[in-house]
**Q** 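Here it is, the structure, as structure tokens.
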Amino acid sequence: MLPMLLGGCDMVVMNPTGDIAMQQRNLILLSLGLMLLIIIPVIALTVAFAWKYRRGNPNKDYDPEFHHSTTLELVIWACPLAIITILGAVTWASTHQLDPFRPLERIAPGKPIPAGTKPLNVQVVAMDWKWLFIYPDLGVATVNELALPVDVPVRFSITSTDQFNTFSAPTLAGMIYAMPTMRSELNAVLNKTGDSWGYSGNYTGAGYSDMRFKLRGVTKAGFDSWIAEAKAKGTPLSTETYVALTKPTTKAPVVRYSSVQPGLFDRIVNACAEPGKPCMIDVMRRDMLAGKMHMGERPATCDDKDGKLAPKAAPKAAKAEPAAARDPRISATDTLLLPGAVRAERA
């Protein structure tokens with residue numbers, strides 16, 4: 001009955017179309033197999049012991065003097081310890097090998113990346129409740145549609161407008177967080193043509209269940225044709241268009257843009273895409289300079305003559321002041337642990 005009920009399900013995690021997703025699937029299967037080496041014998045022995053030592057069994061063994069078995073202890077502890085050691089080694093190696101920030105070293109097993117190959121840059125913005133994909137090197141953008149050429153390395157830069165979200169493409173490379181005013185990165189590759197779905201893996205409100213995008217794996221020629229069609233039939237993605245796009249919508253249709261406002265993604269990351277809004281990086285720089293001036297430091301400025309940064313003045317050495325005598329009734333830790341009123345009274 002259970003296989004019949006699950007027959008219509010598409011286990012996309014177990015059917016990857018990209019090399020990173022395939023390595024993640026293999027890691028899941030390896031971990032599951034190692035854990036089953038313990039789980040299956042324990043379940044089988046539990047049933048066997050319950051059957052052998054049931055009350056109605058006339059052939060059951062009874063040994064009231066039994067209290068210890070070195071062999072049994074070695075088996076009980078050595079097998080799980082060996083499996084945990086193997087899992088730990090595999091986890092450590094795969095954590096570094098599948099680091100999303102790590103550039104790809106291969107396209108597929110036994111197929112290294114050709115020398116001089118440049119990755120395709122895609123900027124991903126999680127919005128309410130839709131996905132914006134910007135191709136900065138190609139000058140196009142889309143909503144809820146991600147087209148990738150097969151066997152081409154892809155570098156994703158991922159952020160979010162105002163909510164903590166998750167970019168999930170299970171057939172491509174798993175799941176990566178998208179956070180406001182922060183930039184995540186994912187390096188991946190598709191190895192098969194075909195369509196699949198990408199999702200939001202983090203609940204973000206009313207439109208969460210429909211926040212999905214079409215992931216299309218196409219040939220190089222098909223990708224060039226897709227880009228040409230987007231440039232020919234799309235509309236420009238200006239700042240005004242983006243501001244209108246940030247308004248929450250559900251079940252947003254696929255939209256293609258023929259051009260993109262330069263620097264739009266960086267302004268989204270710095271929360272200043274709206275006209276007149278200060279960028280976070282500028283606010284932080286201004287606060288840092290104000291803090292230095294408050295502390296009496298001279299911030300680096302440009303020299304009027306040659307435009308070079310003027311060196312900061314060397315800080316003056318502070319005069320050493322004699323240490324005040326400490327009350328012997330107060331220990332070194334009392335000054336940290338005692339309430340302020342008690343410390344003041346004892347002082």
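The model shown is predicted, which means the values in this text are computed figures rather than measured ones.
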**Q** Less than 4.5 Å apart, any side-chain heavy atom of Ser168 and any of Ser200?
**A** no
**Q** Applying ring-ring contact (aromatic ring centres under 6.0 Å, His included), name anything that partners His96, two or more places apart in sequence or on another chain.
**A**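 His96 satisfies ring-ring contact (aromatic ring centres under 6.0 Å, His included) with Trp92 only.
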**Q** Only counting residues at least two apart or in another chain, list the ones meeting disulfide bond (SG atoms under 2.5 Å apart) with Cys279.
**A** Cys272
**Q** Should the pair Tyr53 and Phe49 be assigned to parallel (<30°), tilted (30 to 60°) or perpendicular (>60°) ring geometry?
**A** perpendicular
**Q** When the side chains of residues 180-195 are checked against the rest of the protein, which donor-acceptor pairs come out under 3.5 Å, sequence neighbours left out?
**A**
unit_1 : atom_1 : unit_2 : atom_2 : d
Arg183 : NH1    : Ser157 : OG     : 3.0
Ser184 : OG     : Tyr177 : O      : 2.9
Glu185 : OE2    : Asn187 : ND2    : 3.1
Asn187 : ND2    : Pro100 : O      : 3.0
Asn191 : OD1    : Asp19  : N      : 2.8
Asn191 : ND2    : Ile107 : O      : 2.9
Asn191 : ND2    : Asp151 : OD1    : 3.1

**Q** Report yes if the side chains of Asp266 and Ile281 come closer than 4.5 Å at any heavy-atom pair, otherwise no.
**A**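 The answer is no, as the side chains (C-beta and beyond) never meet within the 4.5 Å cut-off.
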**Q** Could you tell me how the ring of Tyr208 sits relative to the ring of Tyr203: parallel (under 30°), tilted (30 to 60°) or perpendicular (over 60°)?
**A** perpendicular
**Q** How would you list all residue pairs meeting disulfide (SG to SG under 2.5 Å) that involve residues 81-197, not counting sequence neighbours?
**A** none
**Q** What about the rings of Trp131 and Tyr199, do their centers lie closer together than 6.0 Å?
**A** no
**Q** According to salt bridge (Lys or Arg N to Asp or Glu O under 4.0 Å), who are the partners of Lys231, at least two apart in sequence or on a separate chain?
**A**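 For Lys231, no residue satisfies salt bridge (Lys or Arg N to Asp or Glu O under 4.0 Å) once neighbours in sequence are set aside.
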**Q** Below 4.5 Å, heavy atoms only, C-beta onward: do Leu87 and Met35 meet side chain to side chain?
**A** yes
**Q** Considering only heavy atoms from C-beta outward, does the side chain of Val122 approach that of Leu148 to under 4.5 Å?
**A** yes
**Q** Going by ring-ring contact (aromatic ring centres under 6.0 Å, His included), name the residues that satisfy it together with Phe265, two or more places apart in sequence or in a different chain.
**A** none
**Q** Once you measure the plane-to-plane angle for Phe167 and Phe133, does it fall in the parallel (<30°), tilted (30-60°) or perpendicular (>60°) bin?
**A** perpendicular
**Q** Side chains of Pro153 and Leu104: does their closest heavy-atom pair fall under 4.5 Å?
**A**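 The answer is yes, as the side chains (C-beta and beyond) meet within the 4.5 Å cut-off.
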